[in-house]
Amino acid sequence: MADVVHIPDEAEVRAKWGGFAFTAANKKKADGYIARYPAGRQQSAVMALLDLAQRQVGEDTKTQGWLPVPVIEYVAAYLGMPFMRTYEVATFYTMYNLAPVGRYHVQVCGTTPCMLRGSDDVMAACKNKGLVKGGTTPDGLFTLTEVECLGACANAPMVQINDDNFEDLTYDSMSALLDALANDKPVKIGPQIDRQTSCPEGGPTTLKEMVTANHDYRKDWK
């Protein structure tokens, strides 16, 4: 399960974030999210606005970002909804951070498919690189969290680091990934073995004639 986080002192948090407000660019985005919902349903945009606020905090702190209480209060007021209802959303989803995190938030999936496929080895690799579950490394680079299913069971074990998934991990590949991030080197997002997305290892076994090798379908959507 997700680890209990240590929320900083309230007075310190309010001194730093009490005057939080969306930037002009983010206010435009926030209003765009709200406009997607019919009149009277604007509060349905709460998840999008919390994410937007967290990203703005991240830009300011050069980390993945987090949601100080004054920031959650700001989002609640922006949507005209009670603070507690907004806080309930922020505390329910692990996509929202309730305490400061590092530049890279390493979220290791510990659910059954990942556990059976070696998530303990992934966690051991993190530990041996100085990461402590529920904590941030002294250099502020990594925060390690164990989370529940992240939806990539076919490619277990996997981790989510900030917005990206890294799958089919082993102790060695996880260690190499952390080294690359620590040294600002490029990393391969997605499967860490020779596999296309969630296709079978070694390539497709059926309907081979319908497969376009190495075709990135995401480019077709742009």
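Owing to the predicted nature of the structure, the values given are computational and were not obtained by experimental measurement.
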By side-chain hydrogen bond (donor to acceptor under 3.5 Å, both in side chains) - contacts of D184 (at least two apart)
R103
Strictly by modelled atom types, are D139 and T137 linked by a side-chain donor-acceptor pair under 3.5 Å?
yes
Would you say the side chains of Q56 and N26 form a donor-acceptor pair under 3.5 Å?
yes
Working to the nearest 0.5 Å, report the span between [atom1] of [X] and [atom2] of [Y].
{"X": "D121", "Y": "C114", "atom1": "CG", "atom2": "SG", "answer": "12.0 Å"}
{"X": "C109", "Y": "R117", "atom1": "SG", "atom2": "CZ", "answer": "13.0 Å"}
{"X": "L177", "Y": "L169", "atom1": "CG", "atom2": "CG", "answer": "7.0 Å"}
{"X": "K188", "Y": "D164", "atom1": "NZ", "atom2": "CG", "answer": "13.5 Å"}
{"X": "Q64", "Y": "N162", "atom1": "CD", "atom2": "CG", "answer": "4.5 Å"}
{"X": "T63", "Y": "Q54", "atom1": "OG1", "atom2": "CD", "answer": "8.5 Å"}

Side chain to side chain donor-acceptor pair (under 3.5 Å) test vs D31 passes for just one of K29, K28, K27, namely K27
Could you go through the side chain to side chain contact (heavy atoms under 4.5 Å, CB included) check for V159 and Q107 one step at a time?
CA-CA 5 Å; V159 304; Q107 299 176 78; 6.0 Å; no
Using the salt bridge (Lys or Arg N to Asp or Glu O under 4.0 Å) rule, take D163 and R55 through it: C-alpha gap first, then chi angles, then the decisive distance, then the call.
CA-CA 11 Å; D163 289 331; R55 291 177 186 276; 2.9 Å; yes
Under the 3.5 angstrom rule, does the side chain of [X] hit a backbone N or O of [Y] as a donor-acceptor pair?
{"X": "Q192", "Y": "G190", "answer": "yes"}
{"X": "Q43", "Y": "R41", "answer": "no"}
{"X": "N97", "Y": "G65", "answer": "yes"}

Using the rule that Ile, Leu, Val, Met, Phe, Trp and Tyr join whenever any side-chain heavy atoms are under 4.5 Å apart, tell me whether M47 and F22 fall into a single cluster.
yes
Picking from V89, L52, D51, L49, what satisfies side-chain contact (heavy atoms from CB on, under 4.5 Å) with V75?
L49
Set of ring pair (Phe, Tyr, Trp, His ring centres under 6.0 Å) partners for Y33, sequence neighbours left out
none
Going by heavy atoms in the side chains, are L131 and V106 under 4.5 Å from each other?
yes
Carboxylate-amine/guanidinium proximity below 4.0 Å for D9 and K16:
no
Which atom names give the shortest non-hydrogen contact between P68 and W17, and what distance separates them?
CG-CD1, 3.4 Å
Side chain to side chain contact (heavy atoms under 4.5 Å, CB included) assessment of L50 paired with Y93:
CA-CA 11 Å; L50 284 172; Y93 296 99; over 6 Å; no
Yes or no on side chain to side chain contact (heavy atoms under 4.5 Å, CB included) for V147 and V108, after CA distance, side-chain angles and deciding distance?
CA-CA 6 Å; V147 297; V108 179; over 6 Å; no
Do the rings of Y74 and Y78 sit parallel, tilted or perpendicular, given the 30° and 60° boundaries?
tilted
ring-ring contact (aromatic ring centres under 6.0 Å, His included): pairs with one or both residues in residues 102-134, sequence neighbours excluded
Y104-F142
